[in-house]
Amino acid sequence: MIITQSLQSNLLLGGGRKSNQKASSASSREFGVLLQSCIKTKSFQNGVRLHNQILEAGFERNHDLLPRLVKFYATCGCVEEARKLFDKYPKRSLNVFVWTSLINGYIENEQPYQAFDLFREMLEFGIKPDSFTFSALLKACALLGSPELALQLQSLATKAGHSSSLSVTNSLIHVYGSLGDFASALQVFDGASSRDLVSWTSMIRSCSILKKYAESMELFSKMQLEEGLKPNELTIVSVLPACGFFSFLRSGQAMHAYIIRRQLPLNSFVGSSLVSMYSQCGDPEDAFRVFDTMDERNVVLWTSMIEGFAMNGQFDSALKLFDQMREKGIRPNYVTLVVVLCACSHGGLVEQGWKIFNSMREEFGIVARVEHYACMVDMLGRVGKLEEAEEFIEGMNIEPTASIYGSLLGACQVHSNVELGERLANKLLELEPDNAANYVILSNIYASVGKWEDVQRLRDLMVDRGLTKSPGCSWIEIKNKTHVFGAHDRSHPDSDNIYRKLEDLGDQIARAGYVPLTKFVLLDVEEAEKKRLLCSHSERLAIAYGLMNAPSRGPIRIAKNLRVCGDCHEAIKLVSLVTRRELVIRDTSRFHHFREGSCSCGDYW
DNA sequence: GTAGGGTTAG
């Protein structure tokens with residue numbers, strides 16, 4: 001509405017200034033504005049009526065109106081109509097604007113091949129593409145998943161002198177980022193002669209997509225400090241995954257507050273990224289608050305919230321929300337079902353899991369993909385039904401992938417099944433010889449049953465193949481500063497006090513019945529050394545520091561880059577009991593909410 | 001007439 005009004009006022013201003021122009025010219029402008037508003041509102045009937053009037057007035061071929069008419073039909077999903085209109089006139093007589101409109105029309109209707117065919121034809125007719133043409137075609141590269149094609153277009157655009165155009169620069173950053181070519185995206189961004197908010201937002205998004213979250217946050221502050229650019233809601237959406245990844249609740253809250261303060265639109269995109277961020281920060285209550293206040297809830301928003309509950313151990317709430325979503329007539333998509341099956345798996349809800357999996361096609365019209373199968377394998381593996389899981393894999397409609405075997409290998413580690421673990425790991429080492437995780441899991445399986453020679457053999461193999469495992473660490477945010485701890489770390493300036501606090505906590509939990517579970521030490525050392533090593537796992541250092549420095553109210557939140565070990569899990573339950581504090585720990589994919597001696601995961605993770 | 005946004009198993 002506002003847009004239409006501003007267009008109308010522009011028209012008035014323009015008309016005033018050019019009062020000596022011919023009447024027909026003023027009318028064609030008027031038609032242009034009206035057509036534009038039909039495109040914006042996608043009002044098909046009004047547009048067709050307008051087209052007829054344009055035809056009667058003899059304006060159809062007007063250099064400004066024809067491209068808009070083409071765009072109108074394409075926007076309303078009638079790209080064939082747009083093509084008919086295009087074919088009505090000799091191609092050589094049509095300007096680049098008309099050609100680009102139809103190219104764009106094909107892309108908007110997800111027909112990238114037709115777009116490229118038309119581009120080829122355009123070049124053959126000697127029509128020179130402009131920056132708009134290149135922007136449009138770069139979008140098509142993302143659809144086709146082809147960074148090579150993007151590179152070709154980049155060199156064509158450079159030759160044609162359009163490479164410094166902002167829209168070409170920004171499209172290039174976007175397409176390279178979307179296709180996983182971070183180096184090229186960065187090269188375009190760094191080499192750009194000018195950058196605007198879109199360039200920064202695209203680069204921040206590229207970092208987030210490629211899981212370069214630190215870079216994402218760094219760019220976000222650099223953009224404001226060095227360029228003085230103010231983020232908008234798209235920038236916020238691009239940086240929120242980074243807040244979630246690091247569990248930086250305060251930063252995430254600041255983003256949320258910024259949206260509200262600047263009155264930026266809180267649409268479904270912003271809504272779902274906020275829900276995800278709060279969930280990843282172990283705060284499902286605030287995630288739900290955002291979810292609950294959204295006017296319009298689409299499938300992605302529902303999916304985010306279901307995942308948010310599941311991630312935080314609230315499996316019943318997750319499944320209840322799934323029911324509610326269906327009652328509201330929202331059709332789940334395949335991601336929703338991945339999330340729901342994963343909730344069943346993590347919550348040990350085997351019966352519900354089977355029921356949902358078996359009804360996927362009939363009830364939701366969704367054919368199971370590899371992700372769904374992986375959830376089922378994980379679900380069976382977790383409850384120790386390893387053989388059933390293996391049979392399930394054999395009976396699958398699809399070829400098992402490394403991820404399927406990986407799911408079951410994880411279960412073999414939990415249930416110390418050496419025989420199956422070995423078999424699977426050998427398959428996996430062939431399928432993905434560069435994935436360090438497989439070596440580590442197999443080595444842990446050997447360690448858990450004391451096969452130290454095999455542990456050593458795998459370590460040597462990893463060294464030979466140049467693979468390293470990422471060292472475990474935990475971190476905590478205190479007063480906007482992040483404190484990172486490695487296992488047995490003594491590098492923190494407050495280290496002495498932290499270890500004193502740990503000793504004190506050790507005494508308290510021992511009185512509450514703690515017995516160290518030394519089987520979780522995967523090293524061939526003496527029993528006493530094992531006990532000592534357990535006490536200084538990184539999450540315990542972070543907890544001790546948190547208890548000393550976090551505000552006295554509210555939960556203490558810690559994030560960790562690996563799974564919490566079984567012994568720490570027991571110890572932390574008791575720490576929550578003796579200190580009467582809620583402790584929230586995020587591991588690689590989910591949360592443990594420790595309260596009064598128990599954990600939200602129900603010891604099942 | 002152009003460019004940038006949310007959910008996904010292990």
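Quick note on labels: first sequence line is chain A, next is B, and so on, each numbered from 1.
Considering only the side chain of A:Ser403, B:dG10 comes nearest among B:dG10, B:dG4, B:dA3. Side chain of A:Arg205, nearest nucleotide from B:dG5, B:dT7, B:dA3: B:dG5. In the set B:dG4, B:dT7, B:dA9, B:dT7 carries the atom at the smallest distance from any side-chain atom of A:Val335. Of the candidates B:dG1, B:dG5, B:dG10, the closest approach to any side-chain atom of A:Val237 belongs to B:dG5. Of the listed nucleotides (B:dA9, B:dT2, B:dG4), B:dA9 has the atom at the smallest distance from the side chain of A:Cys342.
Looking at heavy atoms from C-beta onward, A:Ser279 lies out of side-chain contact with A:Asp283 at the 4.5 angstrom threshold.
Checking the phosphate oxygens (OP1, OP2) of B:dG4, a side-chain nitrogen or oxygen of A:His174 falls inside 4.0 Å. When the side-chain nitrogen and oxygen atoms of A:Arg382 are compared with OP1 and OP2 of B:dG10, one or more of them lie within a distance under 4.0 Å. Contact between the side-chain N/O atoms of A:His346 and the OP1/OP2 oxygens of B:dG10 is found at a separation under 4.0 Å. Between A:Lys139 and the phosphate of B:dA3, there is a side-chain N or O to OP1/OP2 separation shorter than 4.0 Å.
Ring-plane geometry between A:Phe86 and A:Trp99 is classed as perpendicular, the angle between the planes exceeding 60 degrees on a 0 to 90 degree scale with a lower cut at 30.
With hydrogens and angles left out, the side chain of A:Ser407 and the base of B:dA9 share no donor-acceptor pair within 3.5 Å. With hydrogens and angles left out, the side chain of A:Asn104 and the base of B:dG1 share no donor-acceptor pair within 3.5 Å. Below the 3.5 angstrom threshold, one finds a donor paired with an acceptor across the side chain of A:Ser268 and the base of B:dG6. The base of B:dG4 lies close enough to the side chain of A:Thr201 for a donor and an acceptor atom to sit less than 3.5 Å apart. Evaluation of atom-type donor-acceptor distances gives a pair under 3.5 Å for the side chain of A:Ser167 against the base of B:dT2. A donor N or O paired with an acceptor N or O is not found under 3.5 Å between the base of B:dG1 and the side-chain atoms of A:Asp64. Remark: the A:Ser272 side chain and the B:dG6 base include a donor-acceptor N/O pair separated by less than 3.5 Å.
The environment of CZ in A:Arg262 is crowded: more than 12 heavy-atom neighbours from other residues, nucleotides or ligands sit within 6.0 Å.
With hydrogens and angles left out, the side-chain atoms of A:Thr235 and A:Asn232 include a donor and acceptor closer than 3.5 Å. A donor atom on one side chain and an acceptor atom on the other are not found under 3.5 Å apart for A:Gln187 and A:Tyr176.
Nucleic acid contact class of A:Glu307 (heavy atoms, under 4.0 Å, all strands): sugar-phosphate only.
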